[in-house]
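Naming: A, B, ... by sequence-line order, numbering from 1 per chain. What you see is a predicted model; the values in this text were computed from it and never measured.
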Amino acid sequence: MEKLIEVKNLTKVYEEGDSKTFAVDDISLTIDRGEFVSIVGPSGSGKSTLMHILGCLDRPTSGKYFFNGKEINSYSDEELAKIRNKEIGFVFQAFNLLPRLSVMENVMMPLVYAGIPESKRLTQCERAVDLVGLHDREKYQTAKLSGGQKQRVAIARAIVNEPAIIFADEPTGNLDSKSGAVVLEFLQKLNKEGHTIVIVTHETYVAESARRIISIKDGKIESDMKVEHQRIVSKDALIK
Amino acid sequence: MKTKDTLKIAVEGLTTHKSRTMLTILGIVIGIASIMLVMSIGQSAQNLILGQIQSFGPTLVSVHPGRRPQSLAGFTGVLFNDSLKQRDVDTLAQKTNVPDAVRIAPYVFTSTPVSFGSESYTTFVMGSSQDVFNSFHLDVAQGVALTDSDVASRSSVAVIGQKLANELFGANNPIGQNIKVKNKNFRVIGVLAPKGQMVSLNWDEIVLTPYSSLQQYVLGIHYFNEISVEASSLATVPTVIADITRVLRQNHNITDPTKDDFYIQTQEDAANTVSSITDILTLLLTSVAAISLVVGGIGIMNIMLVSVTERTREIGLRKSLGATDKNILVQFLTEAIMLTLAGGIIGIILGTSLGLAITYMIDKFGGLSFPYSFSLSGAILGVIVSSVIGLAFGIFPARQASQKSPIEALRYE
Ligand SMILES: Nc1ncnc2c1ncn2[C@@H]1O[C@H](COP(=O)(O)OP(=O)(O)OP(=O)(O)O)[C@@H](O)[C@H]1O
Ligand SMILES: [Mg+2]
């Protein structure tokens, strides 16, 4: 399998006054193209911090990060912005949609920064919105959507650029189990189509939807296992 | 990222808080409107005065006694300097001395009470030769004009302005009546046709007498306040000036040009003087207006900083989706410039409307022909200045926005 992500001795230290927090403490790991990984661990164990670094939203204090075989630390802020734009899709725990804008406008944002021509943008957007089943909500202000719909908009935005990897931080955290199932089903579908997926979660049943589980404690990897029986999210759980 | 998208996002940003946006640009609107107003009114005033000076005729050259005044106050020195005498007028009048001069006319003037019976009026009294009627295109509506024989015989006669005639005589016929000019009797022989104001001179209120009579009976002097020389054409003006200078230096035994006790002014000089005075006034008032622009700019900066803070999460999100520092910088700068530019354009429209209203009022109620002149330079300046203010006061907040790290910004509550 082709390596997509490789980190070596990754460390992120936060200094707050006298105390030092090793949010990520000497982590080394590899994620191949096409994998579906879930990161689990207690609150404050450093999952989000790790994910932000992997998602090129943050820089590590020390250690090496190779994305697609290239060392990230050598990139300028501008080049990182380009990688975030083209290679990475991020689904935030708190949705992070712009409430005044419509579904389409929110989903379109990565394409705007990619400088893609308007006509092409629309078709790409429509495809992503269709995929998450929000065709009839295209023109809605996202402020007026339900929690599950917002989460699906966030996913549409993450996949609209056809990124190599999608990171989803607690993608089901804000949702009831039915809406959560809808989201998980999408992620599994995307993974089947070849997208690499990394999710952070608290819940076991969510973690087991992936094919590999990495547990983290105090910034260190505690275990890293393949899932014997991937939990296929049933279609019956879907709500429309 | 495409420019169109930047503009679209900026418009979205600005229209979120419409009333705040409006209030923010008010300072710029007022500043630009005042600049527009000052510059166009200044321009109108300047055009008015210059137009009148031009109407004196560009071939007129005037010789004044004393040193060339360096300041406005210096002009009063002209009235008390006695260097220009009858002999100077006579020598200048000799064709061989100043061959290109077609007319030589000496003047004395004073401002003094003029009365008839119980009616008294302080006004401008000008002693001249008959040439004044040709030089200034004056028409006599009633009676006759002054003649050179009136000058030669020092007759106590006067031609008076239309308005003065009304003030002193009402409906009665002024011709043949004696008016008192500083207690000396002058017989009214003519009334001028209405002519109106010319720079500082109101022909409708003037008293014209032979210069010799005014010198002897009223002023008790033997010198002139001005000698007016008309050149044969615009081309001969420089030669005429050179000739006059030579003749007068000879008459006054002056060898060192820095010791000249007279100076020569063309209509162009006069126009330049007026222009420079109105220019200085306009500049002064414009700078006062500019202060409000600075205040407006600080208001813009303040609101932009607030906006950057409010939209920290939005900035973080945009960056996490691929916006570069430059994208964010340009976006906030665009917002700032759009704000100030909109303020500038509204200001130009407001300033123009106010200018039109004011000139209309002056025209209608001030009895002065005062056409509005749109100050194109004011408008261009307004557009440039407002954009520059947006740039100058927007750059700091925009930089603050662009330098936020995506994850820090997203974490902002
Ligand atoms: N910006 C920061 N400044 C200082 N300390 C931080 C910062 N961000 C995270 N930390 C600390 O780093 C540690 C890991 O935080 P992180 O958010 O990665 O945890 P997490 O595993 O995602 O927890 P949760 O499951 O609750 O989301 C925590 O102890 C947190 O207090
Ligand atoms: Mg977290």
Side-chain angles (χ1 to χ4, degrees), chain A residues 12 14 23 48-60 75-102 105-118 120-121 141-142 154 157-158 160-161 163 167 169, chain B residues 1-21 303 306-335 338 395 398-413:
Chain A
K12 179 77 182 181
Y14 290 115
S48 295
T49 308
L50 176 64
M51 190 127 144
H52 292 148
I53 294 170
L54 296 182
C56 298
L57 294 173
D58 211 351
R59 285 176 185 275
Y75 286 124
S76 67
D77 284 345
E78 187 158 344
E79 288 163 326
L80 278 187
K82 202 166 171 186
I83 290 178
R84 284 197 292 270
N85 186 239
K86 298 230 190 308
E87 311 279 354
I88 294 171
F90 222 106
V91 182
F92 296 96
Q93 191 167 7
F95 311 137
N96 282 332
L97 302 174
L98 291 185
R100 279 176 295 108
L101 300 188
S102 71
E105 286 167 323
N106 268 285
V107 173
M108 204 177 282
M109 271 165 65
L111 305 180
V112 167
Y113 290 109
I116 288 172
E118 213 162 326
K120 202 170 158 215
R121 254 186 236 174
Q141 275 198 328
T142 51
R157 187 179 61 193
V160 72
N161 242 1
F167 292 98
D169 194 349
Chain B
M1 188 174 185
K2 298 197 173 358
T3 313
K4 198 180 144 200
D5 294 313
T6 311
L7 293 177
K8 201 174 149 227
I9 295 171
V11 170
E12 274 160 19
L14 293 177
T15 46
T16 316
H17 300 281
K18 282 200 195 66
S19 50
R20 187 165 89 182
T21 304
I303 233 54
V306 169
S307 169
V308 165
T309 309
E310 272 180 0
R311 285 153 70 189
T312 301
R313 282 175 68 88
E314 179 189 330
I315 294 165
L317 176 67
R318 288 186 184 279
K319 286 189 125 182
S320 73
L321 296 178
T324 60
D325 292 6
K326 202 176 137 216
N327 287 150
I328 302 291
L329 182 86
V330 169
Q331 187 195 314
F332 277 88
L333 262 190
T334 307
E335 276 190 32
M338 267 188 175
I395 193 107
R399 270 183 68 85
Q400 293 235 314
S402 72
Q403 284 169 355
K404 289 178 187 295
S405 109
I407 204 64
E408 294 295 328
L410 271 175
R411 203 176 271 136
Y412 181 84
E413 292 296 332

CD1 of I328(B) to CD of Q400(B), rounded to nearest 0.5 Å, is 14.0 Å

Of the options K319(B), R399(B), Q403(B), which is the one that meets D325(B) in a side chain to side chain donor-acceptor pair (under 3.5 Å)? K319(B)

Would you give the length of the straight line joining atom CD1 of I315(B) to atom CD of E310(B), rounded to the nearest 0.5 angstrom? 10.5 Å

Taking C-beta and beyond as the side chain, do F95(A) and T142(A) meet within less than 4.5 Å on heavy atoms? no

Go through the atoms of R59(A) and report whether side chain, backbone, both or neither lie under 4.5 Å from a heavy atom of chain B. neither

Would you say that K404(B) contacts Y412(B) through its side chain, given a criterion of any heavy-atom pair below 4.5 Å between the two side chains? no

Options E78(A), K86(A), R100(A), ranked by heavy-atom pairs under 4.5 Å with chain B, top entry: R100(A)

So which of I407(B), N327(B), I9(B) has the largest heavy-atom pair count under 4.5 angstrom toward chain A? I407(B)

Around K326(B), counting heavy atoms of other residues, nucleotides and ligands shown, do more than 12 lie under 6.0 Å from its NZ? no

Per-residue contact mode, R411(B) against chain A (heavy atom under 4.5 angstrom): side chain

Do R84(A) and F90(A) come close enough that some side-chain heavy atom pair is under 4.5 Å? no

What part of K4(B) gets closer than 4.5 Å to chain A, counting heavy atoms only: side chain, backbone, both or neither? side chain

Check for a donor-acceptor pair, side chain of N161(A) on one end and backbone N or O of N85(A) on the other, with a separation under 3.5 Å. yes

Of the backbone (N, CA, C, O) and the side chain (C-beta and beyond), which part of E118(A) lies under 4.5 Å from a heavy atom of chain B, both, or neither? side chain

I'd like to know which of K8(B), K2(B), E408(B) tops the heavy-atom pair count under 4.5 Å against chain A. K2(B)

What part of D77(A) gets within 4.5 angstrom of chain B, counting heavy atoms only: side chain, backbone, both, or neither? side chain

Let's test your reading of the structure: which of L317(B), L410(B), T6(B), T324(B) forms the most heavy-atom pairs below 4.5 Å with chain A? L317(B)

Is E12(B) close to chain A through its backbone or its side chain, or both, or neither, when contacts mean heavy atoms under 4.5 Å? both

Considering only heavy atoms and a distance below 4.5 Å, find which of D58(A), I83(A), L111(A), V112(A) pairs most often with chain B. V112(A)

